[in-house]
Amino acid sequence: MEPPTGGDLSEVLVRKTEPRTWADLNMKAISEYQGAYEVDAEKLIKYGGGKNLKLGQDDFVYVPPRTPWISNEASRGITIVSIVLGIVLTAVLIDKNTGDK
């Protein structure tokens with residue numbers, strides 16, 4: 001299995017040791033759920049507003065991996081089919097262009 005190439009910044013999870021420090025923040029990029037905060041870091045980067053989001057020493061930050069559009073198995077299958085078709089089409093073109101004239 002290949003390691004993820006990047007994290008999904010739209011669903012960053014932050015668990016604060018002192019949730020009161022973020023409790024009063026009213027931002028569309030942050031939603032609170034049972035003492036944890038889901039942060040849309042893409043919105044924060046794009047529109048700003050992250051100055052008030054201070055992390056403490058024991059705060060937990062989790063950035064989930066990006067979900068690929070297609071699975072590794074599907075990607076592998078598409079690659080194999082592409083290679084086979086490339087070989088067949090190349091053989092047809094070579095045969096067509098080298099035949100008796």
Side-chain angles (χ1 to χ4, degrees):
M1 183 172 171
E2 297 177 17
T5 57
D8 186 356
L9 295 180
S10 67
E11 297 181 6
V12 175
L13 178 67
V14 178
R15 184 166 303 273
K16 301 281 296 163
T17 55
E18 293 185 29
R20 294 184 311 276
T21 59
W22 282 23
D24 295 333
L25 294 176
N26 186 16
M27 302 175 76
K28 290 182 180 181
I30 299 175
S31 57
E32 192 266 336
Y33 180 73
Q34 295 182 352
Y37 296 88
E38 186 175 301
V39 179
D40 188 339
E42 289 177 344
K43 284 184 181 177
L44 287 176
I45 292 168
K46 187 173 184 179
Y47 302 114
K51 289 183 179 182
N52 296 328
L53 303 177
K54 295 187 175 29
L55 294 173
Q57 179 177 348
D58 293 324
D59 291 348
F60 173 80
V61 178
Y62 173 72
V63 181
R66 288 192 188 272
T67 306
W69 288 5
I70 59 173
S71 68
N72 286 338
E73 292 80 21
S75 175
R76 200 170 296 122
I78 291 169
T79 301
I80 291 170
V81 169
S82 298
I83 290 171
V84 170
L85 284 175
I87 292 169
V88 169
L89 291 174
T90 301
V92 168
L93 287 173
I94 291 171
D95 184 55
K96 182 178 179 181
N97 291 319
T98 58
D100 292 334
K101 292 183 180 183

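Just so it is clear, the structure is predicted and the values come from calculations on it, not from any experiment. The basis for the numbers below is simple: all heavy atoms, side chains too, and nothing from hydrogens, waters or symmetry mates.
- A single hydrophobic cluster is not seen to contain both Phe60 and Tyr37; linkage of ILVMFWY side chains at heavy-atom distances under 4.5 Å, directly or through other members, places them apart.
- Listed by chain and number, the hydrophobic cluster partners of Leu85 are Val81, where partners are ILVMFWY side chains within reach of under 4.5 Å, directly or through others.
- Note that OH of Tyr62 and CD of Glu11 are 10.0 Å apart. Values are rounded to the nearest 0.5 Å.
- With sequence neighbours excluded, the residues forming a side-chain contact (heavy atoms from CB on, under 4.5 Å) with Glu73 are Ser71, Arg76, listed by chain and number.
- Ser75 contributes atom OG, which lies 10.0 Å from atom CD1 of Ile80 (distance to the nearest 0.5 angstrom).
- Considering all non-hydrogen atoms of both residues, Leu9 and Val63 come closest at CD2-CG1, 4.2 Å.
- Contact between Leu13 and Ala36 at its shortest, heavy atoms only, is CD1-CB, 3.8 Å.
- Interatomic distance, CG of Asp40 versus NZ of Lys46, reported as 10.5 Å (0.5 Å rounding).
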